[in-house]
Amino acid sequence: MPEFPGTLNSKLPRAGTTIFSVMSKLAADHQAINLSQGFPDFDCPELLVAHTHEAMRAGHNQYAPMPGILALREKIAEKTHDLYGCTYHPETEITITAGATQAIYTAIAATIREDDEVILFEPAYDCYEPAIELNGGKSVFVQLQAPDYAINWSTVKKLINHRTRMIIINTPHNPTGAVFSADDMLQLEKITKGTDILILSDEVYEHIIFENLRHESVARYPHLAERSFIISSFGKTFHTTGWKMGYCLAPKALMAEFRKVHQYLVFSCNTPVQHAVAKFLDNKDHYLELNAFYQAKRDRFNSLIQGSRFTLKPSPGTYFQLLNYEKITTEKDTDFAIRLTKEHGVAAIPISVFYHQPIYENMLRFCFAKKDETLERAAELLHKI
Ligand code: PMP
Ligand code: GLN
């Protein structure tokens with residue numbers, strides 16, 4: 001193919017390829033155990049697959065309604081009410097999306113204009129900042145610091161001004177595993193009260209939280225819910241990251257703006273999968289028991305790591321565990337992640353890439369959403385270092 005002859009003025013000049021693609025490819029190229037990109041290496045429930053087949057055979061193969069099929073929106077409304085005591089109207093306040101990534105982009109595109117400021121906590125999941133930039137907004141970063149990655153709310157308060165349009169939160173938090181407390185939510189409520197600030201609450205790991213900690217959904221706090229887009233993903237909850245199915249909850253006026261963008265971005269999402277998920281949501285035990293399922297995986301991985309030169313603070317949520325490697329090397333995490341994959345056969349994610357200006361904390365993120373034998377083989381290799 002000949003080269004493009006004109007001048008290409010990139011809209012995302014600093015963006016490369018996401019770390020998840022980079023590390024998963026490196027893992028594949030070197031036949032390393034892939035604990036980098038977050039996805040299970042075990043299958044989703046057979047019943048969910050059966051429901052999808054049934055939906056396809058029943059002829060649910062054409063466009064779904066723009067906001068998603070009503071049966072699924074009703075089930076989400078019921079689940080949200082049962083778990084968090086908040087009522088979202090299926091007709092006007094719930095939209096099914098092609099994963100959380102599309103929901104996040106849509107919420108930002110629908111609300112952020114040129115020069116609006118958006119407060120982000122970093123290390124931050126990687127899709128927030130480019131979405132803000134593409135829509136002309138300005139990211140304002142607040143740093144969370146190891147080992148607790150807690151938020152200093154007085155710092156956040158000082159950054160708020162008349163241009164602040166949105167605050168993005170993510171609990172349980174990727175990549176650190178940190179979770180918000182009720183006090184964090186009250187602080188957030190305090191600093192946003194009486195303002196026009198919107199909240200984008202990324203809650204994709206709502207069902208992966210440990211030690212009986214309570215998931216502090218924005219939906220539990222009426223004064224936060226009234227200004228929030230809540231985003232979740234069935235990819236995490238049903239072990240189906242490849243299905244790209246998620247949803248957004250928001251008060252009617254916010255959802256109306258969200259749908260104006262959604263209808264032109266994807267129009268609607270995979271129809272048979274929506275039918276299957278709607279039916280599968282009756283199996284409440286699946287998501288109610290997910291915390292225990294993943295806590296056992298976390299504990300297994302962490303006990304396998306004991307005695308190695310990696311050190312850890314158990315992750316309170318998500319399916320990620322940070323390991324500190326300062327007893328092994330002083331290399332940058334980006335360099336060590338590559339060497340770990342190529343020379344030792346285990347791929348992980350360096351944390352510094354989640355900062356707008358890299359901070360090197362000698363920390364790598366490992367995904368423990370894996371079969372026990374995968375975790376055992378990985379731990380064996382990590383012990384040899
Ligand atoms: N937010 C966070 C914090 C995530 O970790 C992920 C993906 N793992 C997403 C959003 C995107 O979810 P999806 O795959 O449903 O687009
Ligand atoms: N969210 C997943 C992770 O944190 C990866 C998603 C992706 O590959 N974009 O690993």
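For ligands, and for the atoms within them, numbers begin at 1 and follow the listed sequence. Hydrogens, waters and symmetry mates play no part in the numbers below; they use all other heavy atoms, side chains included. Because the structure is predicted, anything quoted here is derived from the model rather than measured.
In this structure, R298 is not positioned above the aromatic face of F368 in the sense of NZ or CZ being under 6.0 Å from the six-membered ring centre and within 45° of the axis. A cation-pi arrangement is present between K370 and F39, with the terminal nitrogen or guanidinium carbon under 6.0 Å from the aromatic centre and inside a 45° cone about the axis. Remark: K297 is not positioned above the aromatic ring of Y319, lacking an NZ or CZ atom under 6.0 angstrom from the ring centre and at most 45 degrees off the axis.
Under the 4.0 angstrom criterion for non-hydrogen atoms, T241 is not in contact with ligand 1. The shortest separation from a heavy atom of F39 to ligand 2 is not under 4.0 Å, leaving the residue out of contact. Within the structure, ligand 2 lacks T18 among the residues with a heavy atom less than 4.0 angstrom away. Using a 4.0 angstrom heavy-atom cutoff, Y205 counts as in contact with ligand 1.
Judged by distance alone, the side chain of R309 and the main-chain N or O of I385 form a donor-acceptor pair under 3.5 Å. At least one donor-acceptor pair under 3.5 Å links the side chain of N170 to the backbone N or O of D202. Remark: the backbone N or O of S181 is paired with a side-chain donor or acceptor of D184 at under 3.5 angstrom. Side-chain N or O atoms of T240 include one that pairs as donor or acceptor with a backbone N or O of F234 at under 3.5 Å.
Ion pairing between K138 and D116 fails under the 4.0 Å rule for side-chain N and carboxylate O. Salt bridge status for K75 with D282: present, with a side-chain N to carboxylate O gap under 4.0 Å. The pair K313-D148 meets the salt-bridge criterion, since a charged nitrogen lies less than 4.0 angstrom from a carboxylate oxygen. A salt bridge links K25 and D29; the closest N-O separation between the charged side-chain nitrogens and carboxylate oxygens is under 4.0 Å. R14 has a carboxylate O that lies under 4.0 Å from a charged side-chain N of E133, or vice versa, which qualifies the two as a salt bridge. A salt bridge does not link R73 with E93: none of the charged nitrogens is closer than 4.0 Å to a carboxylate oxygen.
If you look at Y125 next to ligand 2, the close heavy atoms, those under 4.0 Å, all belong to the side chain. Here V204 has side-chain heavy atoms under 4.0 Å from ligand 1, and that is the only part of it that gets that close. Contacts between T241 and ligand 2 below 4.0 angstrom, taking non-hydrogen atoms only, are absent altogether. Counting heavy atoms under 4.0 Å from ligand 2, residue M23 does not touch it at all.
Those atoms of ligand 1 that come under 4.0 Å of a heavy atom in S233, given as number and element, are 13 (P), 15 (O). Of all atoms in ligand 1, numbered sequentially from 1 with element shown, those under 4.0 Å from a heavy atom of K244 are 13 (P), 14 (O), 16 (O). Atoms of ligand 2 lying under 4.0 Å from any heavy atom of K236, numbered from 1 in the order shown and given with element: 1 (N). The atoms of ligand 1 that sit less than 4.0 Å from any heavy atom of N174 are 3 (C), 4 (C), 5 (O). Of all atoms in ligand 1, numbered sequentially from 1 with element shown, those under 4.0 Å from a heavy atom of G99 are 15 (O), 16 (O). Atoms of ligand 2 lying under 4.0 Å from at least one heavy atom of Q37, given by number and element, are 5 (C), 7 (C), 8 (O), 10 (O).
Note: no N/O pair closer than 3.5 Å links F20 and ligand 2 by distance alone. Between S36 and ligand 2, no pair of N/O atoms sits closer than 3.5 Å.
Of all the listed residues (F320, Y319, F234, Y125), Y125 holds the heavy atom that lies closest to atom 4 (C) of ligand 1. Looking at D202, I104, T240, it is D202 that brings a heavy atom closest to atom 2 (C) of ligand 1. Nearest residue to atom 7 (C) of ligand 1 from E203, Q102, K236, Q37 is K236 (criterion: closest heavy atom).
The single protein non-hydrogen atom nearest to atom 12 (O) of ligand 1 is A100 CB, 3.4 Å, given as residue, atom name and distance. Shortest contact from atom 2 (C) of ligand 2 to any protein heavy atom: G38 N, 3.9 Å. Among protein heavy atoms, the minimum distance from atom 11 (C) of ligand 1 is reached at T101 OG1, 3.3 Å.
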